[in-house]
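Quick caveat: nothing in here was measured; it's all calculated off a predicted structure.
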Amino acid sequence: MTTGPPKPLLRPVPPGLHLLATPIGAARDITLRALDVLAGADVLAAEDTRTLRHLMEIHGIALNGRPLIAYHDHNGQAVRPRLLRALKEGRSVAYAPEAGTPLIADPGFQLARAAIAEGLAVLAAPGPSAVLAALTVSGLPSDRFLFAGFPPMGAGDRARFLAELGQVPATLILYESPKRINRLLTEMAETFGNERAAAVCRELTKRFEDVSRGTLGELAEAFAGRTVKGEIVVLVDRPGDRVVDAESIRAALRDALGHGSVRDAAARVAAALNLPRRDVYRMALQLAERE
């Protein structure tokens, strides 16, 4: 005897904006509650309507003439008023991101803020999250962590971004494009130091799931020149306590000054050695004047 996917309960979905977490890979990772909301909501909105349609087909949920509205970064300003109007009319609106938990690097953030500002109900149907899945399998401390999103593209902004992160006393979690993962690992090794523990999680819950663990130096070497595909999450351990003498600081600054401005060099070294940025900047100025 064969059985199909679990049938959602046909119970009324209360009015309000329902933020649904959707699978990051395996379709069966969606929760029963999310299926209930998809089956019963008055209006469906999705970052990618094709992805949501496919997910609903897999789980045997019919659209039944309900509106399915595309809502993403490029049309959010135009579409938000329509969704807010439906909420004000007392209807239930379900929003589904392309993958994972809404509002984490996702256009649903502005929709939720707008609904809250109007005093409308906003509810979560929690579930899959690439951030938490990666933290779970990374082997890094999970008692305190910071999700930092995607690093900036520009060299200066990127250097300052990493320098600030380097001093955060928590496990760092970032998203990165497979085209730039080699660059990011190299820059992190230079900024944070080669010995910081890290992990690169790729294609989590999918067929070719892969988790690489090691120091930043080891991972930078392992990914150098390697062609990588898929969704990637990078995690880095918090800085450890280090005792650094003045000559070691100057040596690190000399190397960093060969690759950037005084300000960026000081920021990188301060982050890598977990030192006060003002003191390191003063040393960097002195070195730059002498040399």
Side-chain angles (χ1 to χ4, degrees), residues 4-73 75-76 79-80 82-136 142 145 147 149 173 175 204-206 231 233:
K7 298 296 182 184
L9 300 175
L10 298 179
R11 61 179 58 165
V13 176
L17 175 62
H18 298 259
L19 303 170
L20 309 184
T22 58
I24 59 175
R28 291 179 63 84
D29 284 346
I30 194 166
T31 67
L32 295 176
R33 182 179 172 202
L35 293 178
D36 289 345
V37 175
L38 285 175
D42 299 316
V43 178
L44 303 178
E47 184 179 7
D48 188 320
T49 55
R50 293 168 300 179
T51 300
L52 184 59
R53 277 184 181 273
H54 182 56
L55 182 65
M56 291 171 67
E57 289 170 1
I58 290 172
H59 292 287
I61 297 175
L63 194 55
N64 288 332
R66 293 174 295 163
L68 174 54
I69 303 167
Y71 179 85
H72 46 71
D73 283 329
N75 74 351
V79 173
R80 265 195 306 278
R82 179 180 175 186
L83 298 176
L84 292 173
R85 188 163 53 249
L87 290 168
K88 291 175 183 178
E89 292 169 354
R91 304 169 78 185
S92 54
V93 176
Y95 169 73
E98 184 172 4
T101 297
L103 281 63
I104 298 181
D106 175 84
F109 171 69
Q110 294 294 346
L111 177 59
R113 278 180 66 95
I116 291 169
E118 295 284 352
L120 301 165
V122 176
L123 306 100
S129 165
V131 170
L132 295 180
L135 184 62
T136 299
S142 57
F145 62 91
F147 174 63
I173 306 176
Y175 289 161
L204 290 172
T205 80
K206 300 175 185 175
E231 303 292 330
V233 184

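Heavy atoms of other residues, nucleotides or ligands lying less than 6.0 angstrom from CD of Glu47 number more than 12. Counting heavy atoms of neighbouring residues, nucleotides and ligands inside a 6.0 Å radius, atom CZ of Arg80 exceeds 12 of them. For Phe147, the CZ atom counts as densely surrounded, since its 6.0 Å shell holds more than 12 non-hydrogen atoms of other residues, nucleotides or ligands.
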(request) Show your reasoning for whether side-chain contact (heavy atoms from CB on, under 4.5 Å) applies to Ile173 and Val233. (result) CA-CA 7 Å; Ile173 306 176; Val233 184; 3.6 Å; yes
(request) Let me see the working for Val37 and Tyr95 under side-chain contact (heavy atoms from CB on, under 4.5 Å), right down to the final yes or no. (result) CA-CA 10 Å; Val37 175; Tyr95 169 73; over 6 Å; no
(message) Under the criterion side-chain contact (heavy atoms from CB on, under 4.5 Å), I'd like the reasoning laid out for Leu68 against Arg53: C-alpha separation, chi angles, the key distance, then a yes or no.
(response) CA-CA 9 Å; Leu68 174 54; Arg53 277 184 181 273; 3.5 Å; yes
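Atom CD1 in Ile30 sits 5.5 Å away from atom NE2 in His59 (nearest 0.5 Å). To the nearest 0.5 Å, atom CD of residue Glu98 and atom CG of residue Leu52 are 11.0 Å apart. Taken to the nearest 0.5 Å, the CG atom of Leu103 stands 10.0 Å off from the CZ atom of Arg113. Remark: Gln110 CD to Tyr71 OH distance equals 6.5 Å, nearest 0.5 Å. For the atom pair OG1 (Thr22) and CG (Leu38), the distance works out to 9.0 Å, reported to the nearest 0.5 Å. Rounded to the nearest 0.5 angstrom, Ile61 CD1 and Leu55 CG are separated by 7.5 Å.
Considering all non-hydrogen atoms of both residues, Gly127 and Thr31 come closest at CA-CG2, 4.1 Å. The two residues Ile24 and Pro128 come nearest to each other via the heavy atoms N-CB, 4.2 Å. Of all the heavy atoms in Ala41 and Ser92, the pair that sits closest is CA-OG, 3.4 Å. Summarising the geometry of Leu20 relative to Ala125, their closest heavy-atom pair is CD2-CB, 3.7 Å, with the distance given to 0.1 Å. Pro67 approaches Arg82 most closely through the heavy-atom pair CB-NH2, 4.1 Å. Residues Pro15 and Ala121 come closest through the heavy atom pair O-CB, 4.0 Å.
Using a distance-only test at 3.5 Å, with no hydrogens or angles considered, no donor-acceptor pair links the side chain of Thr101 to the main chain of Ala21. With hydrogens and angles ignored, the 3.5 Å screen pairs a side-chain donor or acceptor of Arg33 with a backbone N or O of Ala124. A donor-acceptor pair under 3.5 Å is absent between the side-chain atoms of Arg66 and the main chain of Leu44, judged by distance alone.
Looking only at side-chain heavy atoms (C-beta outward), His18 and Val13 come within less than 4.5 Å of each other. Contact check for Val122 versus Leu19: side-chain heavy atoms found under the 4.5 Å cut-off. Contact of the Lys88 side chain with the Leu120 side chain is registered, since non-hydrogen atoms from C-beta on lie closer than 4.5 Å.
Here the options are Leu83, Leu111, Leu84, the test is side chain to side chain contact (heavy atoms under 4.5 Å, CB included), and the partner is Leu17; only Leu111 passes. Partner Val43 forms a side chain to side chain contact (heavy atoms under 4.5 Å, CB included) with one of Arg91, Arg85, Glu89 and no other, that one being Arg91.
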